[in-house]
Each structure stands twice: as structure tokens, then as C-alpha cells.
**Student:** 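Take a look at this one; I'll ask things after.
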Amino acid sequence: MTDRHTKHKAALAPFRAASYDFSAAAVGAALAEIAPEATFRLGAPFGDLAGPDALFDQVYRPLFAAWPDLERRDFILIAGEDEHGMDWVGCAGHYLGTFLQPWLDIPATGHLVTMRYHEFFRFDGGRVVEAQVLWDIPEVMMQAGAWPLAPALGRELTVPGPATPDGIVAGPRDDARAKLSRDRVVDMLAHLVRHPREGGVEVMELERFWHPRMNWYGPAGIGAARGIQGFRNWHQIPFLAAMPDRGSADADLVFHFFGDGSYAGVTGWPNMVQTLSQPGWLGIAPAGQRVEMRSLDFWRLGPDGRIRENWVLVDMLDLYGQIGVDPLARMREFNKARQGFDAATGRAA
């Protein structure tokens with residue numbers, strides 16, 4: 001008998017297939033079938049949408065108009081039950097196509113463009129009832145030469161899929177292995193938040209949890225890093241310097257961890273709350289206020305049980321918005337004189 005998590009992956013297959021050779025009719029029909037009454041929680045600037053029609057009309061249709069050969073490519077597909085008894089399917093990959101028309105006022109390039117996504121679908125009764133979705137819109141802005149804020153400390157690149165060709169985890173489900181992967185990541189994070197409140201770098205025990213050749217794939221604006229020291233240099237040190245109370249509000253948050261094969265995923269909306277009290281991160285002046293962060297993550301564990309790859313997306317546009325910075329508005333200011341923009345309004349012509 002097929003386990004329910006494998007069934008949930010199969011239930012998403014028509015949507016994923018229709019999105020590969022993107023067809024408006026097929027994608028719309030697949031969404032209506034699998035998620036007829038779902039709530040879709042998307043990152044900025046979209047927000048929460050009720051039902052597949054709203055998602056298609058307000059999100060997919062404009063993207064398809066701008067990238068008329070739109071294509072979806074999953075490189076991770078995992079499923080499992082979280083600690084609250086909820087069933088999830090997590091997908092990561094890239095949307096890609098030829099950027100022929102402005103989208104969100106990002107100027108078209110006429111070239112191939114890619115945009116990473118992390119999408120988590122919660123199932124109940126065989127249907128999607130909720131989705132939590134982050135698209136790396138700053139990545140698109142950078143490819144268009146239109147990112148108006150500080151450059152990343154990490155490496156900006158089109159993030160690769162897993163080094164091992166097993167990111168699309170097939171059934172039947174191995175519950176013991178899935179639990180091992182999930183528990184390992186949860187244990188790692190429990191140690192990670194001990195620093196700096198409980199001691200120096202040693203309390204995180206990074207070498208116990210992370211492979212020395214690990215890759216950390218952060219969102220555009222933060223960038224990717226190689227190895228434990230690369231992760232610390234280009235992300236963790238400036239992040240904690242700016243927000244040293246990281247983890248202090250975790251008891252008030254709801255996390256959804258699940259494992260599948262050698263992979264684990266987490267979603268939460270939000271899953272970080274901390275105070276931006278010091279300078280040094282993303283070129284942001286210390287706002288002195290608490291900020292919420294939506295971070296949707298995937299990990300791949302190697303044969304030795306240590307993390308070899310970590311894919312991270314953060315709702316960067318929402319984060320900036322909380323401290324009074326609108327990257328899309330600032331992008332429009334930069335591009336008033338650029339071909340394809342109306343100089344009077346600062347918007348796409």
C-alpha cells in the first residue's frame with residue numbers, strides 16, 4: 001500500500017508537469033483540482049491570497065506574460081509529517097524563461113532569467129489547504145541590473161540543486177531515515193541558537209553538524225558560501241552582530257520540521273523574530289526594532305550524518321519593508337530614465 005506522503009507527492013505531479021511546459025489552462029486546472037480552497041501565503045509584494053484563482057490571476061498570469069516561455073524545474077521534492085501532526089510537501093527549484101516584458105516593474109532583459117523558489121504545501125484530506133511560498137525576486141532584480149541596495153557579502157550565483165541526484169525523493173517512505181534526518185537538523189539548530197547568549201562559537205559545535213566542505217545557499221542579497229568559515233564570514237558573523245538576541249523569541253513561534261530520505265525541511269510564517277539593534281548586516285543601519293523573518297529551508301545530510309548542503313530563502317523584500325525600505329520603489333527611482341520606463345511615473349511603460 002502506498003504511504004500517504006508518497007500519495008501527496010503524486011497529487012502535486014499534474015501541477016508540476018503543467019508548470020514545466022507552462023500552459024495557463026493546464027496550470028489553472030491543476031491548481032483548481034489539488035488546491036480548490038487553499039490559502040496561499042506568499043512573500044512580498046504579494047501577501048496572502050485565497051484560492052487558486054487569485055494565485056493564478058495575481059501571480060502566475062503576470063509572470064507568464066513577462067516570461068512567455070516560463071518553465072518550472074524542481075530539484076528537491078520531499079514530504080513528511082511535522083511535529084504538530086501536519087502533512088507537508090516541500091519543493092525547491094527554479095522558474096526560468098526569456099525575460100521579454102517588465103515584471104513587478106523589473107526591466108526586461110531579453111535574456112534567459114532564473115528565479116529560485118521554495119514552496120511548501122500542507123495537505124489535509126488529500127488536498128492542499130495551505131501553501132507557504134518564497135520566490136527570490138531580488139535574484140531577478142540583480143540579473144536585470146536593477147538591484148538598488150547593498151551588494152551581497154556572499155557569492156551571487158544561480159544556486160545549484162543537490163550534488164547527489166536524489167533531491168526528488170521517491171517512495172516508498174522510510175520513516176526511520178526521515179526521522180533521523182529531521183532530528184539531526186533540529187539538534188543542530190538547538191545548538192546554533194546557543195551562541196551568543198550561552199557562550200562563544202564553540203557552543204554551536206559546528207564541526208559536529210556541518211561537513212567541512214558544506215555549501216550554504218543563501219538568498220540573493222546575502223549570497224552563497226562554502227565551508228564552515230565561509231558560512232561564518234559571509235553570513236553568520238554579520239547576522240549575529242546585528243541581531244545578537246537571535247533565538248530569544250523562539251518559544252512564541254511555530255515551526256514545521258519534517259524529513260524525507262537524507263533531506264529535511266522547515267517552514268514557518270514567520271520562523272524568526274529578533275531585534276535589529278546593531279549595524280553590520282546587509283548595509284542596514286540599526287533600526288532598533290524587532291523584525292520578523294520568513295525563512296524556508298532545506299538541508300541535505302551526507303552519509304556521515306553531517307549537513308553537506310543547505311538551501312535558504314528569506315523574504316528579503318518583507319524584511320526591508322519592516323524597517324521602512326521598499327526595494328521595488330527604490331528600483332523604480334533608479335530606472336526612471338531607463339528604456340521601457342515612463343519617466344513621469346517611474347513605472348514600467
Side-chain angles (χ1 to χ4, degrees), residues 1-68 70-74 76-95 97 103-104 115 117-135 137 168-171 173 254-256 258 260 265-271 294 296 298 313 315 318:
M1 181 180 294
T2 303
D3 63 272
R4 72 180 189 278
H5 300 298
T6 300
K7 289 180 178 178
H8 292 159
K9 293 176 192 174
L12 272 182
F15 164 67
R16 295 174 55 233
S19 302
Y20 174 62
D21 288 315
F22 198 95
S23 157
V27 169
L31 284 171
E33 174 64 26
I34 191 58
E37 298 180 354
T39 297
F40 295 91
R41 307 189 190 282
L42 287 84
F46 301 113
D48 290 0
L49 299 172
D53 290 345
L55 176 70
F56 188 83
D57 290 340
Q58 298 180 42
V59 180
Y60 278 113
R61 192 183 300 278
L63 179 62
F64 187 40
W67 306 3
L70 181 63
E71 177 175 306
R72 173 193 177 99
R73 291 190 182 182
D74 290 321
I76 293 175
L77 176 69
I78 63 174
E81 180 180 346
D82 68 16
E83 58 271 45
H84 310 290
M86 299 177 180
D87 288 347
W88 294 87
V89 175
C91 302
H94 296 103
Y95 289 103
W103 178 63
L104 300 177
M115 177 174 65
Y117 58 82
H118 291 184
E119 302 180 349
F120 286 78
F121 302 90
R122 181 165 66 87
F123 275 77
D124 190 13
R127 293 287 184 269
V128 174
V129 296
E130 178 187 5
Q132 298 179 1
V133 173
L134 289 181
W135 290 0
I137 295 170
I168 308 299
V169 180
R173 178 177 176 79
V254 177
F255 302 94
H256 304 282
F258 62 97
D260 198 1
V266 68
T267 183
W269 209 259
N271 54 8
R294 305 159 180 165
L296 308 185
F298 294 88
L313 275 186
D315 192 350
D318 176 71

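Remember, predicted model here, so these are calculated numbers, not experimental data.
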**Student:** Got a sec, which residues hit side chain to side chain contact (heavy atoms under 4.5 Å, CB included) with E130, two or more places apart in sequence or on another chain?
**Tutor:**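 E130 satisfies side chain to side chain contact (heavy atoms under 4.5 Å, CB included) with R41, W88, R122, Q132 once adjacent residues are dropped.
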
**Student:** Return the set of residues passing salt bridge (Lys or Arg N to Asp or Glu O under 4.0 Å) with D124 (not counting sequence neighbours), or none when no residue passes.
**Tutor:**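 Counting only residues at least two positions away or on another chain, D124 forms no salt bridge (Lys or Arg N to Asp or Glu O under 4.0 Å).
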
**Student:** Could you work out, with side chain to side chain donor-acceptor pair (under 3.5 Å) as the rule, every residue matching W269, not counting sequence neighbours?
**Tutor:**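 W269 satisfies side chain to side chain donor-acceptor pair (under 3.5 Å) with no residue once adjacent residues are dropped.
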
**Student:** Return yes if some donor-acceptor pair links the side-chain N/O of K9 with the main-chain N/O of V169 below 3.5 Å, else return no.
**Tutor:**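 Here the side-chain-to-backbone pair exists.
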
**Student:** Check side chain to side chain contact (heavy atoms under 4.5 Å, CB included) between A13 and all other residues, then give those that pass, not counting sequence neighbours.
**Tutor:**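 Applying side chain to side chain contact (heavy atoms under 4.5 Å, CB included) to A13 gives none.
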
**Student:** Under the rule for side chain to side chain donor-acceptor pair (under 3.5 Å), what residues qualify as partners of E33, not counting sequence neighbours?
**Tutor:**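 Partners of E33 by the side chain to side chain donor-acceptor pair (under 3.5 Å) criterion, ordered by chain and then number, come out as R127.
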
**Student:** H118: which residues meet the ring pair (Phe, Tyr, Trp, His ring centres under 6.0 Å) condition with it, sequence neighbours left out?
**Tutor:**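 Scan of H118 (ring pair (Phe, Tyr, Trp, His ring centres under 6.0 Å), adjacent residues dropped) gives F298.
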
**Student:** Does Q58 have any side chain to side chain donor-acceptor pair (under 3.5 Å) partners at least two apart in sequence or in another chain, and if so, which?
**Tutor:**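 Not a single residue meets the side chain to side chain donor-acceptor pair (under 3.5 Å) criterion with Q58.
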
**Student:** Look at the rings of Y117 and Y95 and say which category their plane angle falls in: under 30° parallel, 30 to 60° tilted, over 60° perpendicular.
**Tutor:**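 Plane angle between 30° and 60°, so tilted.
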
**Student:** Filter on ring pair (Phe, Tyr, Trp, His ring centres under 6.0 Å), then keep only pairs touching residues 8-40, sequence neighbours left out; what's left?
**Tutor:**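 Pairs touching residues 8-40 that pass the test: H8-F123, F22-Y60, F22-F64.
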
**Student:** Give me the atom names and distance for the closest heavy-atom approach of A38 to V128.
**Tutor:**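 Closest approach of A38 to V128, heavy atoms only: CB-O, 3.4 Å.
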
**Student:** Mind checking what makes side chain to side chain donor-acceptor pair (under 3.5 Å) contact with E81, not counting sequence neighbours?
**Tutor:**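 For E81, the residues satisfying side chain to side chain donor-acceptor pair (under 3.5 Å) (neighbours in sequence not counted) are R4.
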
**Student:** In plain terms, say whether D87 and K7 are close enough for a salt bridge, that is, a side-chain N and a carboxylate O under 4.0 Å apart.
**Tutor:**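 K7 and D87: not salt-bridged.
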
**Student:** Can you name the residues that form a salt bridge (Lys or Arg N to Asp or Glu O under 4.0 Å) with D315, not counting sequence neighbours?
**Tutor:**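 Here the qualifying residues are R294.
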
**Student:** Could you list the residues that satisfy salt bridge (Lys or Arg N to Asp or Glu O under 4.0 Å) with R16, not counting sequence neighbours?
**Tutor:**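 Salt bridge (Lys or Arg N to Asp or Glu O under 4.0 Å) check on R16 returns D74.
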
